[in-house]
Colleague: 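Input: one structure, supplied below.
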Amino acid sequence: MRKSHPIRRVMLATAATVSGVVLLLSLKPASDPASASAAAPPASAAAQESPQGGSGGGAPASDRAGTVTGDAAQTPYGAVRVRLTVSGGKITKAEAVEAPKGPTSDEKTALAVPRLNQAVLATQNADIDSVSGATYTSTGYKKSLQSALDQVKKGSGGGSPGAAEARTVTGSAEQTPYGAVQVRVTLSGKKITKAEAVQAPKGPTSDEKTALAVPRLNQSAVAAGSAEIDSVSGATYTSTGYKKSLQSALDQAGG
């Protein structure tokens, strides 16, 4: 038998090796997992940080709360005035910012007001029962409460977005030698758009002075946008009471 030449055997072995390498290269994928991972775009920061089950935009803003103060309702033992905090059309807080004071009144006020406050939260309206033993306080409370609810109703009515921003705030009832003065202001943002005296001195001499002073004071409040207004000559007491009540209304609006 004829033996193969050694050089020929080497050439055959080399050819076989080259063929095997070519075959392996043909079976290898175009890219390995590491290169595929490097090529893929990274997840956005929002997607990485978004909590499970949440949305990229975050939670919606909560309802903005607003505070409305009712008129001061007079009783034989003093004024009652109710302030409401409203959020999303619901009363979340009720409080009496004015209530009768005195040796007998203090006890009745302490008894009645907390119950009346709770009743408002439960019913969400002025249809609440009077507290036994505190009839006058209860009646005054309900009157002031209703006036506050009327303001809320006006503010929540339809209209343009600009009109929805307007709010009405009533100042404290300021006593003068001739009667109380109480001012209500309507604001759009921080600007006074309307001022009016919901209480003013009445009587044979007071009527004339009130008719003279109040319209001027109202105009001055709107023009000045503050309580820094001049008193009306001949109506000093009314002017002083007006400015004090106006300032208390602005303090509420700013708080």
Colleague: May I ask you to test the Val68-Leu149 pair for a side-chain heavy-atom distance under 4.5 Å?
Modeller: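 A side-chain contact under 4.5 Å is absent here.
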Colleague: Any salt bridge linking Lys244 with Glu174? Criterion: basic side-chain nitrogen under 4.0 Å from a carboxylate oxygen.
Modeller: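 No, this pair does not count.
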Colleague: Around atom CG of Asp230, are there more than 12 heavy atoms from other residues, nucleotides or ligands closer than 6.0 Å?
Modeller: no
Colleague: Below 4.5 Å, heavy atoms only, C-beta onward: do Lys243 and Glu228 meet side chain to side chain?
Modeller: no
Colleague: Flag the pair Thr69 / Val82 as yes when at least one side-chain heavy-atom distance between them is below 4.5 Å, and no otherwise.
Modeller: no
Colleague: Can you see whether Lys93 engages Ser87 through a side-chain donor-acceptor pair at a distance of less than 3.5 angstrom?
Modeller: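 Looking only at side-chain atoms, Ser87 and Lys93 do not form any donor-acceptor pair under 3.5 Å.
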Colleague: Looking at every heavy atom in both Tyr242 and Asn218, which two are closest together, and how far apart are they?
Modeller: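 So the minimum-distance heavy-atom pair works out to OH-OD1, 2.6 Å.
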Colleague: For the pair Thr123 (side chain) and Ile128 (backbone), establish whether a donor and an acceptor sit closer than 3.5 Å, ignoring hydrogens and angles.
Modeller: no
Colleague: Taking all non-hydrogen atoms of both residues into account, name the closest pair between Gly225 and Ile192 and its distance.
Modeller: C-CD1, 3.7 Å
Colleague: Residues in side-chain hydrogen bond (donor to acceptor under 3.5 Å, both in side chains) with Thr176, at least two apart?
Modeller: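 Thr176: no side-chain hydrogen bond (donor to acceptor under 3.5 Å, both in side chains) contacts found.
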Colleague: Within a strict 4.5 Å, meaning less than it, do heavy atoms of the Gln151 and Arg167 side chains meet?
Modeller: no
Colleague: Considering residues, nucleotides and ligands other than Asp129, do more than 12 of their heavy atoms fall under 6.0 Å from its CG?
Modeller: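 No, because the 6.0 Å sphere around CG of Asp129 holds 12 heavy atoms or fewer from other groups.
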Colleague: If hydrophobic clusters are built from ILVMFWY residues whose side chains come within less than 4.5 Å, do Val183 and Val97 share one?
Modeller: no
Colleague: Roughly how far, to the nearest 0.5 Å, is the OH atom of Tyr77 from the OG1 atom of Thr104?
Modeller: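 Reported to 0.5 Å precision, the distance equals 6.5 Å.
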Colleague: Do Asp71 and Arg184 meet the salt-bridge criterion of a basic N to acidic O distance under 4.0 Å?
Modeller: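 A salt bridge is present here (some side-chain N lies under 4.0 Å from a carboxylate O).
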Colleague: So how far is it from Thr168 OG1 to Asp150 CG, rounded to the nearest 0.5 Å?
Modeller: 11.0 Å
Colleague: Where is the tightest heavy-atom contact between Ala79 and Ala72, given as atom of each residue plus distance?
Modeller: CB-CB, 4.3 Å
Colleague: Using side-chain heavy atoms (C-beta onward) and a distance below 4.5 Å, is Val214 in contact with Val181?
Modeller: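 They are not in side-chain contact.
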Colleague: List the residues meeting side-chain hydrogen bond (donor to acceptor under 3.5 Å, both in side chains) with Ser248, not counting sequence neighbours, and say none if there are none.
Modeller: Ser172
Colleague: Check Ser239 against Val232 and note the closest heavy-atom contact, atom names and distance.
Modeller: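 Heavy atoms only, the tightest pair is OG-N, 2.9 Å.
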Colleague: Drop me the distance from Leu84's CG to Leu121's CG, to the nearest 0.5 angstrom.
Modeller: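 One finds 9.0 Å between CG of Leu84 and CG of Leu121.
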Colleague: Please report the interatomic distance CD(Gln182) to CD(Glu196), rounded to the nearest 0.5 Å.
Modeller: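 Rounded to the nearest 0.5 Å, the CD-CD separation comes to 10.5 Å.
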Colleague: Counting only heavy atoms from other residues, nucleotides and ligands, does the tally under 6.0 Å from CD of Gln175 exceed 12?
Modeller: yes
Colleague: From Arg216 CZ over to Ser233 OG, what is the distance, rounded to the nearest 0.5 angstrom?
Modeller: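 It is 8.5 Å, given to the nearest 0.5 Å.
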Colleague: Do you know the tightest heavy-atom contact between Ala253 and Leu187?
Modeller: CB-CD1, 4.0 Å
Colleague: Are the side chains of Leu145 and Val120 in contact, using a 4.5 Å heavy-atom criterion?
Modeller: yes
Colleague: Any chance you could measure Gln247, atom CD, to Ile229, atom CD1, to the nearest 0.5 Å?
Modeller: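 With rounding to 0.5 Å, CD (Gln247) is 10.0 Å from CD1 (Ile229).
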Colleague: Restricting to non-hydrogen atoms, name the atom on Thr75 and the atom on Pro100 that form the minimum distance, rounded to 0.1 Å.
Modeller: OG1-CG, 4.0 Å
Colleague: Can you check whether Ser144 reaches Arg83 side chain to side chain, under 4.5 Å on heavy atoms?
Modeller: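 No, every pair of side-chain atoms sits at 4.5 Å or beyond.
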Colleague: Are more than 12 heavy atoms from other residues, nucleotides or ligands located less than 6.0 Å from atom CD of Gln124?
Modeller: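 Yes.
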Colleague: Are the side chains of Gln252 and Thr67 in touch, meaning some heavy atoms are under 4.5 Å apart?
Modeller: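 Of all side-chain heavy-atom pairs linking Thr67 with Gln252, none is under 4.5 Å.
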